[in-house]
Amino acid sequence: LLMSDSRNNRSHYGYVGVNQNFSPDLAGAVRGGVRYSDYYNDPSGSGNNWSPYVQLSLTYNYAPESIVQAGFTYDRNATDVVGTSANDYVKDVESATFFGMLRHRIVPDLFGSLTGQIQNSTFNGGSVDGKSETYYLLGLNLEYQFNPYVSVDAGYNFDHVDSQIGRSYDRNRVYLGLTASY
């Protein structure tokens, strides 16, 4: 069995980017480049990887305290899938993610949010090398702000995972929360 530190890594990014305000209500950001990851405890001996890195987003303020945002990212991410030996070592996943979010001020102090995400991840290494999982998320949230420092929220998230490694599922999550900041 592999030790938890076998997947430790150091990553270095090299990228260029630009933030642009197209108008007082519309802004965008673009970043692109490469990522170098060194898995220095890799038991299989193939511990270095280069991969692309991309981040894109567009944000529109369509009303006071109300925004819509959409974007795309491509990067390496950690995974909970691990190998059981040096010959079955899973490093991480490369993920392409599309996301969108709408946050609307319903009345003063009450906000509603709708979020969506689609993420496709491809495994790097081990017996699952090259296989993928697609994760879908849809979220609804209501937030009431008592003042700038205290708010409560309630929400619902639906998750669906399609997996080529035999762990597809649906999940429903309901939550209540209190946020206090200083």
Side-chain angles (χ1 to χ4, degrees), residues 2 4 6-20 26-39 42 46-60 67-84 88-104 111-143 153-175 177 179:
L2 294 174
S4 63
S6 67
R7 294 184 348 155
N8 288 352
N9 71 82
R10 290 184 193 95
S11 293
H12 304 279
Y13 290 87
Y15 64 88
V16 294
V18 63
N19 293 340
Q20 177 67 42
L26 181 63
V30 176
R31 288 174 182 71
V34 296
R35 176 179 177 172
Y36 174 76
S37 298
D38 176 16
Y39 285 84
D42 180 351
S46 61
N48 302 329
N49 292 95
W50 288 92
S51 59
Y53 167 73
V54 177
Q55 239 185 1
L56 311 169
S57 69
L58 196 59
T59 303
Y60 178 61
I67 66 168
V68 62
Q69 183 179 51
F72 171 79
T73 63
Y74 189 92
D75 200 0
R76 298 180 88 92
N77 298 301
T79 178
D80 61 332
V81 177
V82 297
T84 56
D88 191 25
Y89 176 73
V90 181
K91 291 180 184 152
D92 58 16
V93 292
E94 287 189 49
S95 299
T97 305
F98 292 94
F99 63 90
M101 186 268 298
L102 170 73
R103 177 176 164 88
H104 182 75
F111 297 85
S113 298
L114 174 65
T115 58
Q117 177 178 316
I118 300 172
Q119 176 177 309
N120 183 271
S121 298
T122 303
F123 293 97
N124 293 313
S127 59
V128 296
D129 189 49
K131 294 186 178 179
S132 67
E133 288 186 331
T134 304
Y135 172 70
Y136 304 89
L137 168 106
L138 179 63
L140 303 168
N141 178 271
L142 284 174
E143 176 188 10
D153 63 320
Y156 167 76
N157 285 352
F158 173 74
D159 305 325
H160 173 75
V161 173
D162 284 330
S163 177
Q164 292 182 339
I165 64 170
R167 59 183 202 160
S168 299
Y169 64 88
D170 291 332
R171 176 174 54 198
N172 295 285
R173 294 181 283 162
V174 177
Y175 59 90
T179 302

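In this text, all values refer to a predicted model and were calculated from it rather than measured experimentally.
- Taking CD of Q55 as the reference point, atom OH of Y13 lies at 8.5 Å (rounded to 0.5 Å).
- The structure places CG of L140 at 9.5 Å from OG of S113, a figure rounded to the nearest 0.5 Å.
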D153 and F111: CA distance, side-chain angles, deciding distance, side chain to side chain contact (heavy atoms under 4.5 Å, CB included) verdict: CA-CA 9 Å; D153 63 320; F111 297 85; over 6 Å; no
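- Between Y175 and N141, the side chains place a donor N or O and an acceptor N or O closer than 3.5 Å (distance only, hydrogens not considered).
- Q119 places none of its side-chain heavy atoms less than 4.5 Å from the side chain of T73.
- The CZ atom of R173 sits 6.5 Å away from the CG atom of L137 when rounded to the nearest 0.5 Å.
- Using the six-membered ring where Trp is involved, H12 and Y36 have ring planes that are parallel, under 30° apart on the 30 and 60° scheme.
- The minimum heavy-atom distance linking G139 with N157 is given by the pair CA-OD1, 3.2 Å.
- Atom OG1 of residue T122 and atom NZ of residue K131 lie 12.5 Å apart, to the nearest 0.5 angstrom.
- In this structure a side-chain-to-backbone donor-acceptor pair under 3.5 Å is present from Q164 to S132.
- Within the 4.5 Å cutoff, side-chain heavy atoms of Y135 are placed close to those of D159.
- With respect to S121, the side-chain contact (heavy atoms from CB on, under 4.5 Å) criterion is satisfied by exactly one of V93, T134, T97: V93.
- Here L56 contributes atom CG and F98 contributes atom CZ; the two are 9.0 Å apart, rounded to the nearest 0.5 Å.
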Audit row: F99, T115, side chain to side chain contact (heavy atoms under 4.5 Å, CB included) steps and yes/no: CA-CA 8 Å; F99 63 90; T115 58; over 6 Å; no
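- You'll find the side chain of L114 reaches within 4.5 Å of the side chain of L138, heavy atoms only.
- Within 6.0 Å of the OH atom in Y15, the count of heavy atoms belonging to other residues, nucleotides or ligands does not exceed 12.
- Contact annotation: the side chain of V161 never approaches that of R167 to less than 4.5 Å [non-hydrogen atoms, C-beta and beyond].
- A29 and N19 get closest at one heavy-atom pair: CB-OD1, 3.2 Å.
- Checked by atom type and distance alone, the side chain of R35 pairs as donor or acceptor with a backbone atom of R76 at under 3.5 Å.
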Stepwise side chain to side chain contact (heavy atoms under 4.5 Å, CB included) check, V128 with E133: CA-CA 11 Å; V128 296; E133 288 186 331; over 6 Å; no
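- In this structure, OH in Y60 is found 12.5 Å from CG in L102, a value given to the nearest 0.5 Å.
- When atom types are taken as modelled, the side chain of S168 and the backbone of S163 share a donor-acceptor pair closer than 3.5 angstrom.
- Using cut-offs of 30° and 60° for the angle between ring planes, the H160 and F158 rings count as parallel.
- Considering N124, D92, N49 in turn, D92 is the only one that fulfils the side-chain hydrogen bond (donor to acceptor under 3.5 Å, both in side chains) rule with Y39.
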